[in-house]
Q: 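Next up is a structure, given as structure tokens.
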Amino acid sequence: MNSTKIKEGSEGAVVRMLFYAMGYTKDEIERPIIGIVNSQNEIVPGHMHLGQIAAAVKTGVLSAGGTPVEFPSIGICDGIAMGHEGMKYPLASRELICDSVEAMAKAHQFDGLALIPNCDKSVPGMLMAAARLNIPSVVVSGGAMRAGRVGDRTLDLNDVMEGIGAFKGGIITEEQLAELEINACPGCGSCSGLYTANSMNCLTEALGMGLPFNGTALEGTAERVRMAKTAGVKVMDLVKRDVKPRDILTREAFENAITVDMGMAGSTNTVLHLPAIAHEAGIELPLDLFDEISKRTPYIAKLSPSGVHHMENLHEAGGIPALMKELSGKALIHEDLPTVSGKTVGEVIAAAEVRDRDVIKGIDAPYRSIGGLAILKGNIAPDGAVVKESAVAEEMLVHSGPAVVFDSEDEAVAAIWGKQIKKGDVILIRYEGPKGGPGMREMLGPTASIAGMGLDKDVALLTDGRFSGASRGASIGHISPEAMADGPVGLIETGDVIDIDIPTRALNARVTDEEFAARRAKYVKPEPRVKTGYLSRYARLVTSANTGAVLE
């Protein structure tokens, strides 16, 4: 795929005509045409400022002899969509983003792409498109948000979410909640903790598809603008050398990304997105691989919501190159892999150094000897479930308690806010998976409410839906197969004792095979919640979370 097919010779006269109509010169038309995919909009803090990034990328492309052509991509703010029916759309939007980039690139035969995402689904959606199209591509994100502050207290999105639970629990006043909400996010950028957006921006770098510090350089800095200009230059270099995404997105590159993910305890949503990106590159990433890598990867960077540090602290400590260099000390990183920078992974990390050992621990003195995420299996989740082990209180790593079953997030939130949940309970929210939701809503509302009410060391939450990167506590999601796909999670009843053993990776209900069979015989699957429009089509095609919730 390249633009010479459509713009040269007598057959290209119509194409040249249309470029002339837009004011392009003959010289501009003859150069390589680079699609600049910009997810800028005025509803997402992470995307509000991306016009500046796009302008810088275009400057880089022009300086290197290309013609940049900008077009838009949608982007949804999970925070604004959360807690209502709008939350059914963000994960499903990942496929729309991927498909729309494919449509634009194929229709117009771009020679290369510079992809500008910044938030939860735009980053994986654009990486999926790059892998699917396999034309020279660079990803340059918009940058992380600074952490907020009230007095000596550092704040982020999670403080406000948990503040809602604290307010409803009578722990803080309405005035204190208002102080949190106006100070937690001091400006644009991807929210300042290691939530899904920043996790994926960092893993873009670890995969080799973003330049060094793509994951941590802050929004609004000269460094970020220079990076965007460099990205424009680099995509032209990739075009000239014919280096394509699948040359970079190898199995070993995904292993590097998972290793980095485990070393810093990224969002559980990475276990959805990395397999989906790999799927587009023709690579299978089974859940067991995540657990295998977790067991050998020390946890050396503890960022919010697991710890107190934020993206600015990780950046100042040396960023992802320093983290990868530290992990390479135990031969955990494949170093001889290409990156969009033109250097190998080993060459990128050779110049890195850890500048703050409070933020990036030594490989021999980690927070934990194993990684931040864990894959659990058992009779509730035969195909697996995911938990951010590093964010679970020690006393909840092994827990048994009675199930309190809800068939939607809304019912569960009402019960939590209504103080109907007791210490020791295991909340189970089902029919919120990719098919059942549909769209696999994030459960930050329930988890933050539990934490805000001071119950995160006493109550576990299970779901076939997913959690926000900001969630903490014994929050176990992605239960597969999901209830709507006839998974056994749909057969659990209130009062069933649930046994959670995270160290041994076990998740079971004390229900015999015979009892499950008896319940299955009486089971009636509910009607789909959405029967028209995009979500209806999505629900019919999407797979369970253990495969990355990809479309069949």
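Nothing fancy with the numbering, it's 1 onward along the sequence. All heavy atoms count here, side chains included; hydrogens, waters and symmetry mates do not.
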Q: Taking distance alone, no hydrogens or angles, what donor-acceptor pairs closer than 3.5 Å link side-chain atoms of residues 48-66 to residues at least two apart or in another chain?
A:
from  : atom 1 : to     : atom 2 : distance (Å)
His49 : NE2    : Gly142 : O      : 2.9
Lys58 : NZ     : Glu70  : OE1    : 2.7
Thr59 : OG1    : Ala55  : O      : 3.0
Ser63 : OG     : Thr59  : O      : 3.4
Ser63 : OG     : Gly60  : O      : 2.8

Q: According to ring pair (Phe, Tyr, Trp, His ring centres under 6.0 Å), does anything in residues 220-249 pair up with another residue at least two apart or in another chain? List the pairs.
A: none
Q: Asp120 vs Arg94, test: salt bridge (Lys or Arg N to Asp or Glu O under 4.0 Å). Steps then yes/no.
A: CA-CA 9 Å; Asp120 295 27; Arg94 185 188 72 180; over 6 Å; no
Q: Show me the pairs that pass ring pair (Phe, Tyr, Trp, His ring centres under 6.0 Å) and involve residues 293-317, at least two apart or across chains.
A: Phe213-His315, Tyr299-Tyr367
Q: Evaluate the side-chain proximity of Arg296 to Leu332: yes if any heavy-atom separation is below 4.5 Å, no if none is.
A: yes
Q: Does the side chain of Leu376 reach to within under 4.5 Å of the side chain of Ile476, using non-hydrogen atoms?
A: yes
Q: Mind listing the closest non-hydrogen atom pair of Ala129 and Cys98 along with its distance?
A: N-SG, 3.6 Å
Q: Between Arg132 and Asp99, is there a salt bridge with N-O shorter than 4.0 Å?
A: yes
Q: What distance separates Leu337 CG from Leu249 CG, expressed to the nearest 0.5 Å?
A: 10.5 Å
Q: Are Ile320 and Met264 close enough, and set up right, to give a side chain to side chain contact (heavy atoms under 4.5 Å, CB included), and what steps lead you there?
A: CA-CA 10 Å; Ile320 297 303; Met264 63 181 186; 4.1 Å; yes
Q: Please identify each residue that fulfils ring pair (Phe, Tyr, Trp, His ring centres under 6.0 Å) with Tyr24, with sequence neighbours left out.
A: Phe19
Q: Locate the shortest heavy-atom distance separating Asn41 from Ile43; write the atom from each residue and the value.
A: OD1-N, 3.1 Å
Q: Under 4.5 Å between any side-chain heavy atoms of Pro434 and His478, yes or no?
A: no
Q: Check step by step if side chain to side chain contact (heavy atoms under 4.5 Å, CB included) holds for Thr196 and His273.
A: CA-CA 10 Å; Thr196 304; His273 299 321; 4.1 Å; yes
Q: Distance-only, no hydrogens or angles: does the Thr25 side chain make a donor-acceptor pair with backbone N or O of Glu28 under 3.5 Å?
A: yes
Q: Looking at Asp159 and Arg153, does any basic side-chain N land under 4.0 Å from a carboxylate oxygen?
A: yes
Q: Starting from the C-alpha separation in whole Å, work towards a yes-or-no answer on side chain to side chain donor-acceptor pair (under 3.5 Å) for Glu255 and His334.
A: CA-CA 8 Å; Glu255 289 179 1; His334 301 287; 2.7 Å; yes
Q: Taking the side chain from Asn546 and the backbone from Gly384, do they hold a donor-acceptor pair closer than 3.5 Å?
A: no
Q: Quick one: side chains of residues 181-192, donor-acceptor pairs under 3.5 Å with protein atoms, not counting sequence neighbours, listed by atom name and distance.
A:
from   : atom 1 : to     : atom 2 : distance (Å)
Asn183 : ND2    : Glu179 : O      : 2.8
Ser190 : OG     : Gly143 : O      : 3.2
Ser190 : OG     : Asn198 : OD1    : 2.6

Q: Any side-chain heavy atom of Leu323 sitting closer than 4.5 Å to one from Glu326?
A: no
Q: Any side-chain heavy-atom pair from Thr339 and Ile248 closer than 4.5 angstrom?
A: no
Q: Is the side chain of Thr547 donor-acceptor paired with the backbone N or O of Thr543 at a distance under 3.5 Å, no angle test?
A: no
Q: Looking only at the aromatic ring of each residue, does the gap between the centers of Phe71 and Phe110 stay below 6.0 angstrom?
A: yes
Q: Can I get a per-line list of side-chain donor-acceptor pairs under 3.5 Å for residues 72-81, giving both atom names and the distance, sequence neighbours left out?
A:
from  : atom 1 : to     : atom 2 : distance (Å)
Asp78 : OD1    : Lys121 : NZ     : 3.3
Asp78 : OD2    : Lys121 : NZ     : 2.6

Q: Can you tell me if Lys229 has over 12 outside heavy atoms packed within less than 6.0 Å of its NZ?
A: no
Q: So do the side chains of Glu219 and Met145 get within less than 4.5 Å of each other, counting heavy atoms only?
A: no
Q: Ion pair present between Arg368 and Glu389, side-chain N to carboxylate O less than 4.0 angstrom?
A: yes
Q: Could you grab the distance from atom CE of Met200 to atom CG of Asp261, nearest 0.5 Å is fine?
A: 8.5 Å
Q: Between the side chain of Ser199 and the main-chain N/O of Ser267, is any donor-acceptor distance below 3.5 Å?
A: yes
Q: After noting the C-alpha distance and the side-chain angles of Val123 and Thr204, does the key distance pass the side chain to side chain contact (heavy atoms under 4.5 Å, CB included) rule?
A: CA-CA 8 Å; Val123 180; Thr204 298; 3.4 Å; yes
Q: Applying side chain to side chain donor-acceptor pair (under 3.5 Å) to Asp336 and Thr344, what does each step give before you reach the verdict?
A: CA-CA 6 Å; Asp336 59 344; Thr344 65; over 6 Å; no
Q: Apply side chain to side chain contact (heavy atoms under 4.5 Å, CB included) to Leu327 and Ile300, showing your working.
A: CA-CA 9 Å; Leu327 291 169; Ile300 60 174; 3.9 Å; yes
Q: Using only atom types and a distance under 3.5 Å, with no angle test, would you say the side chain of Arg466 pairs donor to acceptor with the backbone of Asn269?
A: no
Q: Could you check if a side-chain atom of Val345 sits within less than 4.5 angstrom of a side-chain atom of Ile333, using non-hydrogen atoms only?
A: yes
Q: Determine whether a donor-acceptor pair (N or O, by modelled atom type, separation under 3.5 Å) exists between the side chain of Lys234 and the backbone of Ser341.
A: yes
Q: Using atom types as modelled and distance alone, determine if a side-chain donor or acceptor of Ser294 lies under 3.5 Å from a backbone N or O of Phe290.
A: no
Q: At what distance, to the nearest 0.5 angstrom, does CD of Glu30 lie from OG of Ser3?
A: 10.5 Å
Q: Give a yes or no on whether the backbone of Arg224 and the side-chain of Thr221 come within a donor-acceptor separation of less than 3.5 Å.
A: yes
Q: What is the minimum heavy-atom distance between Lys388 and Ser306, and which atoms define it?
A: CD-OG, 3.6 Å
Q: Is the closest side-chain heavy-atom distance between Leu180 and Leu155 below 4.5 Å?
A: yes
Q: More than 12 heavy atoms of other residues, nucleotides or ligands under 6.0 Å from CD of Glu223: is that the case?
A: yes
Q: First locate atom CD1 of Ile277, then atom CG of Leu285, and finally report the distance between them rounded to the nearest 0.5 Å.
A: 9.0 Å
Q: Distance check, rounded to the nearest 0.5 Å: Ile135 atom CD1 versus Met1 atom CE?
A: 3.5 Å
Q: Can you tell me how far OG1 of Thr259 sits from CD of Glu252, rounded to the nearest 0.5 angstrom?
A: 11.5 Å
Q: Strictly distance-based, threshold 3.5 Å: is any side-chain N or O of Thr250 a donor or acceptor partner for the main-chain N or O of Ala253?
A: yes
Q: Checking Asn134 side chain against Lys244 main chain: does a donor-acceptor pair fall under 3.5 Å?
A: no
Q: Of all heavy-atom pairs between Gly266 and Leu373, which one has the smallest distance, and what is that distance?
A: O-CD2, 3.4 Å
Q: Can you check side chain to side chain donor-acceptor pair (under 3.5 Å) on Ser304 and Asp156, steps first, answer last?
A: CA-CA 8 Å; Ser304 176; Asp156 58 34; 2.6 Å; yes
